[in-house]
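Worth knowing before you read on, the calculation uses all heavy atoms, side chains too, and leaves out hydrogens, waters and symmetry mates. Below, chains carry the letters A, B, ... as their sequence lines are ordered, and counting in each starts from 1.
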Amino acid sequence: MIGWRLVHRTPEGLTGGRIVETEAYVLGDPASHAFRGERPRNRVMFGPPFHAYVYRIYGRYWCFNVTSEPLGTGAGVLVRALEPGEGLALMRERRGVDADRLLCSGPSRLAQALAIDGSLDGSDLLARGALRLEPPLSPATRIGRSRRIGIGHPGAARRLLRFYEKGSVWLSGPKKLSP
DNA sequence: AGGATGATCGTCT
DNA sequence: GACGATCATCCTC
């Protein structure tokens with residue numbers, strides 16, 4: 001999914017950018033919300049692929065995921081950072097910051113910049129909807145991987161399931177994870 | 001550049 | 001009653 005484009009059209013305007021950082025939450029993964037089975041919150045993870053799984057975290061932020069396995073298998077890809085593309089001014093306004101670096105570098109930052117919230121949970125990202133995912137013209141190269149960020153569970157924390165575009169200046173998290 | 005902390009509430013034990 | 005797939009802020013090196 002590195003290099004794919006994520007855009008959201010709202011009455012305020014179009015915002016979006018190119019995906020440069022993701023994390024995979026796979027089958028049998030103790031760090032995945034789907035690990036303990038299907039529940040109201042995570043039901044979308046068990047649905048068809050390429051749909052939005054949006055959940056609230058720490059009582060104040062939203063995180064956006066793309067479902068990634070066939071119907072019945074709970075899995076998803078957390079989008080952690082975008083290279084800002086469309087609607088820079090609107091994203092600055094929503095984020096309340098001026099620095100481009102702070103617009104979309106972080107899962108909840110990009111959700112805020114694109115106005116992604118729980119109302120979009122379950123959206124078909126390949127349909128003609130407001131929130132869309134578009135494949136790149138040519139696949140991204142120079143993809144690096146590392147441990148995931150913010151995972152405490154031992155065992156799950158070791159796995160290299162974070163993916164990012166090498167050399168991108170738009171990544172989130174500690175620099176040591178993205179050399 | 002990197003570590004600690006508080007905010008804040010839905011979800012699960 | 002505890003704990004997050006986080007962020008902004010404050011602190012020390």
Side-chain angles (χ1 to χ4, degrees), chain A residues 1-2 4 6 8 15 17 19-47 49-69 73-82 84 91-123 125 131 133 143-165 167-179:
Chain A
M1 296 208 17
I2 304 296
W4 287 52
L6 178 67
H8 188 203
T15 48
I19 297 173
V20 295
E21 178 182 346
T22 62
E23 281 176 1
Y25 289 84
V26 300
L27 183 63
D29 176 3
S32 169
H33 287 174
F35 184 63
R36 292 169 195 288
E38 185 173 345
R39 286 182 168 46
R41 176 177 72 155
N42 64 12
R43 98 192 133 69
V44 175
M45 293 187 84
F46 292 83
F50 292 104
H51 285 241
Y53 167 49
V54 183
Y55 68 91
R56 209 191 239 301
I57 186 169
Y58 295 104
R60 40 174 13 165
Y61 302 112
W62 297 99
C63 285
F64 166 78
N65 300 250
V66 180
T67 57
S68 53
E69 293 288 340
T73 301
V77 172
L78 171 70
V79 177
R80 288 198 57 93
L82 305 178
M91 293 199 287
R92 286 189 197 103
E93 188 182 323
R94 286 171 176 159
R95 290 276 302 122
V97 298
D98 191 56
D100 290 354
R101 181 65 225 286
L102 297 177
L103 293 182
C104 301
S105 296
S108 298
R109 286 174 177 162
L110 72 89
Q112 188 177 26
L114 271 62
I116 294 172
D117 64 22
S119 69
L120 294 165
D121 189 40
S123 304
L125 298 169
L131 186 60
L133 203 50
I143 295 178
R145 55 195 300 179
S146 77
R147 290 144 93 113
R148 292 174 292 185
I149 294 170
I151 301 298
H153 196 289
R158 310 180 43 77
R159 307 185 63 180
L160 303 180
L161 292 174
R162 171 172 173 263
F163 301 84
Y164 58 91
E165 179 168 66
S168 173
V169 301
W170 305 105
L171 305 181
S172 75
K175 204 165 224 172
K176 64 185 298 190
L177 291 179
S178 328

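- Remark: P of C:dA5 and CE of A:M45 are 11 Å apart, rounded to the nearest angstrom.
- Separating the OH atom of A:Y58 from the C1' atom of C:dC3 is a distance of 8 Å, rounded to the nearest angstrom.
- Mapping heavy-atom proximity under 4.0 Å, the span of DNA chain B touched by chain A runs 5' to 3' from B:dA1 to B:dC12.
- Residue A:L78 is in base contact, counting any heavy-atom pair closer than 4.0 Å across all strands shown.
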Show your working on side chain to side chain contact (heavy atoms under 4.5 Å, CB included) between A:N42 and A:R36 and close with a plain yes or no.
CA-CA 10 Å; A:N42 64 12; A:R36 292 169 195 288; over 6 Å; no
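- Going from atom CE of A:M91 over to atom CG of A:D100 covers 8.0 Å, rounded to the nearest 0.5 Å.
- A straight line from CZ of A:R148 to P of C:dG4 spans 14 Å, rounded to a whole angstrom.
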* Would you check, one step at a time, whether the test side chain to side chain contact (heavy atoms under 4.5 Å, CB included) holds for A:V97 with A:R109? => CA-CA 11 Å; A:V97 298; A:R109 286 174 177 162; over 6 Å; no
In residues 20-34 of chain A, what donor-acceptor pairs under 3.5 Å come from side-chain atoms, sequence neighbours left out?
unit_1, atom_1, unit_2, atom_2, d
A:E21, OE1, A:S172, N, 2.7
A:E21, OE1, A:S172, OG, 3.2
A:E21, OE2, A:R80, NE, 3.0
A:E21, OE2, A:R162, NE, 2.8
A:E21, OE2, A:R162, NH2, 3.2
A:E21, OE2, A:S172, OG, 2.9
A:E23, OE1, A:Y25, OH, 2.7
A:E23, OE2, A:I149, N, 2.7
A:D29, OD1, A:A31, N, 3.0
A:D29, OD1, A:R148, NH2, 3.2
A:D29, OD2, A:V26, N, 3.4
A:D29, OD2, A:R148, NH1, 2.6
A:D29, OD2, A:R148, NH2, 3.4
A:S32, OG, A:A34, N, 3.0
A:H33, ND1, A:Y53, OH, 2.8

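- At least one side-chain heavy atom of A:I116 sits less than 4.5 Å from a side-chain heavy atom of A:L6.
- Rounded to whole angstrom, the span from the CD atom of A:E21 across to the C1' atom of C:dA5 amounts to 12 Å.
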Shorter than 3.5 Å, N or O on both sides, protein versus nucleotides 7-10 of chain C: list them out with atom names.
unit_1, atom_1, unit_2, atom_2, d
C:dC7, OP1, A:P107, N, 3.3
C:dC7, OP1, A:S108, N, 3.0
C:dC7, OP1, A:R109, N, 3.1
C:dC7, O4', A:Y61, OH, 3.1
C:dA8, OP1, A:R95, NH1, 3.1
C:dA8, OP1, A:R95, NH2, 2.6
C:dA8, OP2, A:R109, NE, 2.9
C:dA8, OP2, A:R109, NH2, 2.6

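- Between the side chain of A:S123 and the backbone N or O of A:L120, at least one donor-acceptor pair lies under 3.5 Å.
- The distance between atom CG of A:N65 and atom P of C:dT6, rounded to the nearest whole Å, is 11 Å.
- Residue A:A115 comes nearest to A:H8 through the heavy atom pair O-CE1, 3.3 Å, listed as atom of the first residue, atom of the second, then distance.
- Residue A:M45 holds its CE atom at 8.5 Å from OG1 of A:T67, rounded to the nearest 0.5 Å.
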Output field dot_bracket for DNA chain B (Watson-Crick or G-U, both distances under 3.5 Å, | for other-strand pairs) contains |||||||.||||.
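- To the nearest 0.5 Å, atom CZ of residue A:F64 and atom CG of residue A:L110 are 8.0 Å apart.
- Residues satisfying the salt bridge (charged side-chain N to carboxylate O under 4.0 Å, His left out) criterion with A:D117, sequence neighbours excluded, are absent altogether.
- Considering only residues two or more places apart in sequence or on other chains, A:Q112 meets the side-chain hydrogen bond (donor to acceptor under 3.5 Å, both in side chains) condition with A:R95.
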